[in-house]
S.K.: 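Have a look at this one before I ask anything.
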Amino acid sequence: MSNPFDDIPFDDAHGAAPAPKPAGNGGSGIAARAMGARQTPDYLTGLNPEQRRAVETTEGPVLVLAGAGTGKTRVLTTRIAHILAQGLAWPSQVLAVTFTNKAAREMKERIGLLVGGAVEGMPWLGTFHSIGVKMLRRHAEMAGLKSDFTILDTDDQIRLLKQLIQAEGLDDKRWPARQFAMMIDGWKNKGFGPADIPEGDARAFANGKGRELYTAYQDRLKTLNACDFGDLLCHPIRVLKANPDVLADYQQKFKYILVDEYQDTNTAQYLWLRLLAQRRVSAPTSPLRGGRRSEQSEADPGGGDIGANTPTRLDTVSPTSPQGGGGTGAPPNICCVGDDDQSIYGWRGADVDNILRFEKDFPGATVVKLERNYRSTAHILGAASHLIGHNEGRLGKTLFTDAPDPDDPKVNVHAAWDSEEEARAVGETIERHQRDGHKLNDMAILVRASFQMREFEDRFVTLGLNYRVIGGPRFYERMEVRDAMAYFRVVCQPADDLAFERIVNTPKRGLGDASVRLVHDYARKTGVPMLAAAEEIVATEEMKPKPRAALRGVIENFRRWQEQLDNTPHAELAETILEESGYTAMWQADRSAEAPGRLENLKELIRSMEEFESMRAFLEHVSLVMDAEQNEDMDAVSIMTLHAAKGLEFDTVFLPGWEEGLFPHQRALDEGGRSGLEEERRLAYVGLTRAKRHCHIWFVSNRRIHGLWQSTIPSRFLDELPTTHVDVAEPPTSYGGYGGYGQSRFDRAGTFSTKRESPGWRRAQANQTEATRGNWGSRSGVAVERIGYGETDSGFGAGKGSVKGRVIEGELVAKSVADEPSAFAVGDRVFHLKFGNGNVTAIEGNKLTIAFDKAGEKKVLDGFVEAV
DNA sequence: TCGTCAGGAATTTTT
DNA sequence: TTCCTGACGA
């Protein structure tokens with residue numbers, strides 16, 4: 001059978017020679033079509049000067065620092081269109097990489113619009129992984145694989161690792177496969193093979209067997225003719241390094257390289273890009289990884305102002321010498337677009353340093369900053385900019401808008417007693433917006449952690465409010481889809497043992513652990529795939545009659561399906577497989593609530609298969625690209641994590657859960673220290689900048705975490721918002737007014753009488769008389785609606801007659817009551833419900849800095865601690 | 001083989 | 001608290 005993945009010949013029709021200007025050649029191809037627009041092409045006319053510079057500086061390295069909402073995608077797509085239209089390169093000579101399929105798809109579409117046609121001609125536009133696969137298919141044998149290798153997902157990976165850990169005679173509970181999978185992932189993100197991993201890492205797992213296990217894992221993958229996601233990049237890197245001729249081919253081929261979201265690249269991706277971007281003549285390859293990078297981080301302990309203003313270090317690293325090098329290869333035409341302030345994936349290996357270091361990696365680089373924001377109001381931009389200004393180690397950008405409007409609402413900060421009240425209040429605000437004619441589609445709730453979603457979902461269900469959750473398990477991650485896929489995989493790839501094991505007893509056929517183990521062991525012993533091993537075992541007496549018959553049935557099925565593979569339409573065959581295997585019947589018989597949905601998913605799976613040429617092509621697609629479709633017709637509020645929100649925008653954004661411990665997340669602080677905090681702050685920045693017009697931030701005083709009620713204090717990020725752009729809503733609740741957020745239930749019980757004397761308390765008392773009956777957030781509390789939207793016209797149709805004093809402009813109450821002397825003194829011994837005992841080391845208003853015996857130094861409000 | 005119970009872990013996520 | 005995993009017994 002010919003390799004179905006070889007659809008695009010390596011030496012494409014245009015050859016490797018410099019691209020001719022295709023203008024005159026009567027009209028095939030995108031480039032030619034684009035040339036239809038002759039003079040100042042209209043794709044350039046709508047751009048602002050900076051954008052235009054980013055588009056038109058086609059030669060040499062370019063870093064585009066694109067702040068949120070500054071037209072990043074537009075620049076990227078226009079730049080490609082420009083390159084093509086100018087005849088600088090053929091579509092097949094442009095390498096354009098993104099992180100997600102969604103981004104790749106979007107880019108394709110938009111280039112198509114610009115250039116006036118489909119973009120099939122851009123074979124090298126895709127995700128890092130899909131391009132990695134494409135390379136690897138072509139040179140698989142150089143990585144010890146066959147070109148039809150399968151791609152394992154995380155689930156397969158973990159099952160495989162578990163087998164290996166057990167095979168080593170290790171306790172797989174003490175050394176969880178999941179954890180080891182994460183370690184391997186981390187190594188691969190850095191481009192480490194088993195030989196490269198640091199000794200410490202190797203020892204950290206499985207009594208020092210880390211390296212051994214990693215090696216075993218890679219060996220096993222090779223036998224299975226399989227790759228995990230990390231390999232999709234690591235193998236190509238190794239191939240390119242070991243085969244200079246192959247590398248040279250690619251280097252010549254890719255006249256232009258474009259990278260989206262450069263701040264999210266990990267070390268492996270960086271290495272891969274560097275290889276491709278180097279011009280052959282110069283180029284030391286080896287020192288990229290270890291030494292220099294760590295040197296640099298040591299040279300910059302505080303993460304000081306790296307980048308734009310530190311030309312001193314430019315000369316320390318110059319792998320490519322731009323002008324001075326006396327003709328050793330021109331600088332590469334690589335254009336990286338990103339925003340260091342939106343780097344939020346450090347925890348999965350992304351290295352902000354890559355973007356901070358760009359100018360050193362590519363001396364002579366043009367840096368274009370896009371700061372003109374087309375998305376948000378001046379208040380939102382002001383708030384976001386001020387917040388992110390607390391980070392160090394930035395390249396430094398300040399967003400601004402050309403269209404400030406005095407009527408724009410400020411960013412609103414609200415307090416609630418607990419998460420239930422928070423959800424209720426958010427629900428109310430949403431309904432109010434809806435009544436004012438806003439579409440639910442234009443509103444989103446962005447949470448830090450997914451457990452926060454439930455409360456909102458519950459609330460919206462009772463309200464009958466449409467919502468959609470973005471994120472969650474993807475289509476191809478669902479059990480039934482993976483099961484079905486496993487069947488297809490075994491049919492297409494009889495050696496795919498992982499798939500075989502997955503479904504050999506699904507649906508139940510009486511082939512339990514013992515039977516599977518027998519086949520597995522036999523296969524390992526004789527070095528044949530499990531399916532073949534099973535065939536041999538069935539011919540013997542080794543197995544009891546019952547399971548033997550069952551196994552024989554399975555084998556016969558697979559053999560039959562395999563025969564049909566080449567002469568039956570693949571979607572039809574797929575349906576047959578699921579029918580004959582009893583898999584469909586299994587779900588039909590299932591009485592549970594999910595069963596119908598699962599059957600529906602299976603149908604959808606087969607339906608989508610029809611679009612592909614073969615089952616094999618389909619398998620490839622699903623493992624890399626397929627994602628769930630969202631029903632866009634429905635008007636619904638979106639609920640998603642902050643991470644998932646990157647790149648999106650909404651008219652109205654709700655940001656609940658701004659409390660210490662949740663946001664910034666405690667674990668980010670514990671594990672990431674200062675840089676962890678900065679990443680959290682960037683996440684906050686991402687959240688704020690998703691909003692076009694309305695932005696509501698919430699925090700609660702009490703949150704149930706793992707079933708335990710915890711009193712919480714407002715996020716430090718709230719203190720970092722500028723007074724001029726923020727309104728603090730002061731909810732008059734029965735819990736004690738604004739000060740309410742700072743109070744624990746003990747306050748209510750009157751434990752801390754001092755609290756009653758605080759300005760916050762008194763103000764609350766005053767408000768309470770007129771402002772409300774019932775709780776903040778109750779559905780009938782019309783009065784509540786006005787609160788906090790007072791003095792500035794929020795655009796919600798809020799009333800004019802707000803009560804002065806309800807709106808505290810500026811820094812949170814924690815500071816607004818700072819004039820009140822604290823009841824504590826430095827040196828006092830205190831007790832905190834969560835942190836335990838400690839000593840007061842500093843006092844700032846009602847904020848105490850306390851050195852806790854166990855929890856370390858924390859800032860807490862005095863309402864939370866008790867003298868001991 | 002399947003159900004039940006106890007124990008442990010409970011950010012963020014793309015490919 | 002809740003959910004998932006793994007061990008154990010019918």
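Naming convention: chains lettered A, B, ... in sequence-line order (proteins, then strands); numbering from 1 in each chain.
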S.K.: If you measure from the ring centre of A:His665 to the centre of the six-membered ring in the base of B:dT11, is it under 5.5 Å, with the planes under 30° apart?
M.R.: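 A:His665 vs B:dT11: stacking yes.
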S.K.: Is the gap between the ring centers of A:Trp347 and A:His643 under 6.0 Å?
M.R.: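 Yes, ring centres under 6.0 Å apart.
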S.K.: What integer distance in Å separates A:Arg178:CZ from B:dA10:P?
M.R.: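 My rounded result for the distance is 9 Å.
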S.K.: If the glycosidic angle is within 90 degrees of 0 it's syn, otherwise anti, so just tell me which one B:dT12 is.
M.R.: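 With its glycosidic angle more than 90° from zero, B:dT12 counts as anti.
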S.K.: Name the closest nucleotide to the A:Phe229 side chain, picking from B:dT15, B:dT13, B:dC2.
M.R.: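 From the listed options, B:dT15 comes nearest.
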S.K.: Contact class for A:Leu669 vs. all strands (heavy atom < 4.0 Å): base, sugar-phosphate, or nothing?
M.R.: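 Contact class for A:Leu669: none.
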S.K.: Between P on C:dG6 and CD1 on A:Ile165, what's the gap in Å once rounded to a whole number?
M.R.: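 Those two atoms, CD1 and P, are 12 Å apart.
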S.K.: Are A:Lys162 and C:dG6 close enough that a side-chain N or O sits under 4.0 Å from OP1 or OP2?
M.R.: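 Yes, within the criterion.
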S.K.: May I ask you to evaluate whether A:Thr641 reaches the phosphate of B:dT11, defined as a side-chain N or O under 4.0 Å from OP1 or OP2?
M.R.: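 Looking at the OP1 and OP2 atoms of B:dT11, neither is under 4.0 Å from any side-chain N or O of A:Thr641.
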S.K.: Looking at A:Arg703 and A:Glu659, does any basic side-chain N land under 4.0 Å from a carboxylate oxygen?
M.R.: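 Looking at A:Arg703 and A:Glu659, the cut-off is met.
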S.K.: Under 4.0 Å between a side-chain nitrogen and a carboxylate oxygen: does that hold for A:Arg454 and A:Glu457?
M.R.: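 No salt bridge links A:Arg454 with A:Glu457.
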S.K.: Given atom OH of A:Tyr345 and atom P of B:dT12, what is their separation to the nearest angstrom?
M.R.: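 So the OH-P distance, A:Tyr345 to B:dT12, works out to 11 Å.
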S.K.: At 4.0 Å (heavy atoms only), tell me whether A:Gly510 reaches a base, stays on the sugar-phosphate, or touches nothing.
M.R.: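 The residue A:Gly510 makes sugar-phosphate contact but no base contact.
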S.K.: Is there a donor N/O on one and an acceptor N/O on the other, under 3.5 Å, for the side chain of A:Arg704 and the base of C:dT1?
M.R.: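 Flag unset: no donor-acceptor pair detected.
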S.K.: Name the closest nucleotide to the A:Asn101 side chain, picking from B:dT13, B:dT15, B:dT11.
M.R.: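 Of the options given, the side chain of A:Asn101 lies nearest B:dT15.
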S.K.: What integer number of Å spans the P atoms of B:dT13 and C:dT2?
M.R.: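 Looking at atom P only, B:dT13 and C:dT2 are 23 Å apart.
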S.K.: Could you tell me if A:Asp353 and A:Tyr270 have a donor-acceptor pair between their side chains, going purely by distance under 3.5 Å?
M.R.: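 No - no donor-acceptor pair under 3.5 Å links their side chains.
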S.K.: Side chain of A:Ala449 only, heavy atoms from C-beta on: which candidate in B:dT11, B:dC2, B:dT15 is closest?
M.R.: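 Shortest atom-to-atom distance from the side chain points to B:dT11.
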S.K.: Testing A:Asp148, A:Asp153, A:Asp156, A:Asp483 one by one against A:Arg489 for a salt bridge (Lys or Arg N to Asp or Glu O under 4.0 Å), which residue passes?
M.R.: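 Going through the options one by one, the only one that passes is A:Asp156.
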S.K.: Using the P atom as the reference point in each nucleotide, state the distance between B:dT12 and C:dT5 in Å, no decimals.
M.R.: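 Between the two P atoms, the distance is 16 Å.
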S.K.: Whole angstrom is fine here: how far is it from CE in A:Met182 over to P in B:dT15?
M.R.: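 For the pair A:Met182 CE and B:dT15 P, the rounded distance is 19 Å.
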S.K.: Compare side-chain N and O positions of A:Ser450 against OP1 and OP2 of B:dT12 and report whether any pair is under 4.0 Å apart.
M.R.: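 For A:Ser450, the contact criterion (side-chain N or O under 4.0 Å from OP1 or OP2 of B:dT12) is met.
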S.K.: How many whole angstroms separate atom CG of A:Leu708 from atom C1' of B:dA10?
M.R.: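 In whole Å, B:dA10 C1' lies 12 Å from A:Leu708 CG.
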S.K.: Quick one: closest heavy-atom pair of A:Lys646 and A:Gln342, and the distance?
M.R.: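 Answer, listing the atom of A:Lys646 first, then A:Gln342: NZ-O, 3.5 Å.
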S.K.: Counting any heavy atom closer than 4.0 Å, what does A:Glu680 reach on the DNA or RNA strands: base, sugar-phosphate only, or nothing?
M.R.: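 The answer is base, as A:Glu680 lies within the cut-off (heavy atoms under 4.0 Å) of a base atom.
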S.K.: Starting at the 5' end of DNA chain B, which residue's closest nucleotide do you reach first, A:Asn505 or A:Trp347?
M.R.: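 Its nucleotide being nearer the 5' end, the pick is A:Asn505.
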S.K.: Atom CG of A:Asp155 and atom P of C:dT5: how far apart are they, to the nearest Å?
M.R.: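 Going from A:Asp155 (CG) to C:dT5 (P), I get 9 Å.
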S.K.: Rounded to whole Å, please give me the gap between CG in A:Leu677 and C1' in B:dT11.
M.R.: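 A:Leu677 atom CG is separated from B:dT11 atom C1' by 15 Å.
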S.K.: Send over the distance from A:Ile344 CD1 to B:dT12 P, rounded to a whole Å.
M.R.: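 Value for this atom pair: 13 Å.
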S.K.: Stacking between A:His706 and B:dA9, defined as ring centres under 5.5 angstrom apart with planes under 30°, is that present or not?
M.R.: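 Stacking between A:His706 and B:dA9: absent.
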